[in-house]
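The structure appears right after this line, and notes come after that.
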Amino acid sequence: MIEVTVNGQKHSWDGDPALPLLWYLRDEAGLTGTKFGCGAALCGACTVHVDGEAARSCITAMSAVAGTKITTIEGLDPHGNHPVQKAWREANVPQCGYCQAGQIMQASALLQQNPHPSREEIRDTMAGNICRCGCYQRIETAVHLASTGT
Ligand code: FES
Ligand code: FES
């Protein structure tokens, strides 16, 4: 039996320990905010926090997260008002929206570890999160806004 805490709630999984966390979250826990893009750690759409660190849930087996605390986009803030989410609205970041949960989870993990990243640090950290709509400039602007509290 694998025990995990997801968005503050205890979960138990007695199925395949090799099941990717992404599919546990979406299909078993009903948390569909986390998206499937590539399935190979190449796009960042599936990014969640595992013990506060950004992780690609598509390649993270349930066995690897036993005993951890997982946060998904649904659990980042109860009212969608995390500073990164507010900055995202301020900068009108999303286009189609598909990549955005992963982008926000990556950005919020960055700011948790480095509250005032340089523009270069923002670009470096966000480089692994692909946006096929090309919202990269607004993403960088929003992360900077969130980091300055404006
Ligand atoms: S779906 Fe996980 S990185 Fe692309
Ligand atoms: S907003 Fe469409 S993929 Fe990023």
Side-chain angles (χ1 to χ4, degrees), residues 3-11 13 19-62 64-65 67-150:
E3 314 271 351
V4 288
T5 303
V6 181
N7 299 336
Q9 293 195 316
K10 299 268 184 214
H11 288 239
W13 171 242
L19 179 75
L21 173 60
L22 172 63
W23 300 119
Y24 178 80
L25 294 171
R26 290 184 57 84
D27 294 345
E28 304 295 331
L31 296 166
T32 55
T34 305
K35 301 302 187 212
F36 171 71
C38 65
L42 297 170
C43 76
C46 66
T47 304
V48 298
H49 297 175
V50 177
D51 286 339
E53 305 239 349
R56 303 297 193 238
S57 63
C58 68
I59 56 150
T60 303
M62 287 302 290
V65 295
T68 65
K69 290 190 172 63
I70 292 156
T71 306
T72 69
I73 188 71
E74 291 90 343
L76 194 58
D77 180 275
H79 306 292
N81 282 329
H82 184 282
V84 169
Q85 291 170 309
K86 287 202 227 177
W88 238 247
R89 291 196 289 272
E90 174 81 17
N92 279 325
V93 173
Q95 193 163 315
C96 81
Y98 197 82
C99 72
Q100 297 291 319
Q103 304 278 3
I104 288 170
M105 296 310 284
Q106 185 73 51
S108 55
L110 165 65
L111 295 181
Q112 200 163 311
Q113 283 159 12
N114 179 3
H116 302 292
S118 66
R119 292 280 185 161
E120 193 177 2
E121 287 171 328
I122 294 171
R123 281 196 289 274
D124 281 353
T125 301
M126 301 306 297
N129 286 71
I130 307 304
C131 174
R132 63 195 299 171
C133 299
C135 300
Y136 298 111
Q137 282 202 313
R138 294 198 299 277
I139 289 167
E140 182 186 324
T141 298
V143 179
H144 178 69
L145 273 175
S147 74
T148 56
T150 53

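We're numbering straight along the sequence, starting at 1.
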- [ ] Go through the steps for Trp13 and Glu28 under the test side chain to side chain contact (heavy atoms under 4.5 Å, CB included), then give the verdict.
- [x] CA-CA 9 Å; Trp13 171 242; Glu28 304 295 331; 3.6 Å; yes
Output for pair (Thr141 OG1, Asn92 CG), nearest 0.5 Å, gives 11.5 Å
**Asked** Is the closest side-chain donor-acceptor distance between Trp88 and Gln100 under 3.5 Å?
**Response** yes
Given the options Val4, Thr71, Thr68, Val50 meets side-chain contact (heavy atoms from CB on, under 4.5 Å) only with Thr68
pair His11-Thr5: side-chain heavy atoms closer than 4.5 Å: no
Would Glu120 and Ser118 count as having a side-chain donor-acceptor pair, cut-off 3.5 Å?
no
Between the NE2 atom in His49 and the CG atom in Asn7, the distance rounded to the nearest 0.5 Å is 10.5 Å
Check: Gly102 main-chain N/O paired with Asn129 side-chain donor or acceptor under 3.5 Å:
yes
Between Gly80 and Gln85 the two heavy atoms that sit nearest each other are C-OE1, 3.1 Å
- Query: Is the backbone N or O of Gly33 less than 3.5 Å from a side-chain atom of Glu74, with the two atoms forming a donor-acceptor pair by type?
  - Reply: yes
- Message: Are Pro117 and Ser147 packed together at the side-chain level, in the sense that at least one heavy-atom pair is separated by less than 4.5 angstrom?
- Response: yes
Partner of Val6 under side-chain contact (heavy atoms from CB on, under 4.5 Å), picked from Val48, Leu31, Val65, is Leu31
When rounded to the nearest 0.5 Å, the distance separating CD of Gln112 from CD of Glu53 is 9.0 Å
For Leu76 and Met105 the tightest heavy-atom approach is CD2-SD, 4.0 Å
* Could you go through the side chain to side chain donor-acceptor pair (under 3.5 Å) check for Arg56 and Thr47 one step at a time? => CA-CA 5 Å; Arg56 303 297 193 238; Thr47 304; 2.8 Å; yes
Give the intermediate values and the outcome of side chain to side chain contact (heavy atoms under 4.5 Å, CB included) for residues Arg132 and Cys99. CA-CA 8 Å; Arg132 63 195 299 171; Cys99 72; over 6 Å; no
Closest heavy-atom pair, Met126 versus Ile139, reported as atoms and distance to 0.1 Å, is CE-CG2, 4.0 Å
Minimum side-chain heavy-atom gap Arg138-Val143 below 4.5 Å: no
Answer yes or no: is there a side-chain heavy-atom contact under 4.5 Å between Ile130 and Tyr136? yes
Heavy-atom nearest pair, Cys133 first then Gln95, reads CB-CB, 3.7 Å
Taken to the nearest 0.5 Å, the spacing of Asp51 CG from Lys69 NZ works out to 7.0 Å
On a heavy-atom basis, the closest approach of Arg26 and Thr32 is NH1-O, 2.9 Å
| said: Other residues, nucleotides and ligands only: do more than 12 of their heavy atoms fall within 6.0 Å of CZ on Arg119? | reply: yes
Any side-chain heavy-atom pair from Leu111 and Val84 closer than 4.5 angstrom? yes
Distance col, row His144:NE2 vs Arg123:CZ, nearest 0.5 angstrom, shows 11.5 Å
Note: Pro20 and Cys58 closest approach over all heavy atoms is CB-O, 3.6 Å
To the nearest 0.5 Å, atom CG of Leu110 lies from atom OG1 of Thr125 at 4.5 Å
ask   = Do any N or O atoms from the side chain of Tyr98 and from the backbone of Lys35 form a donor-acceptor pair under 3.5 angstrom?
value = no
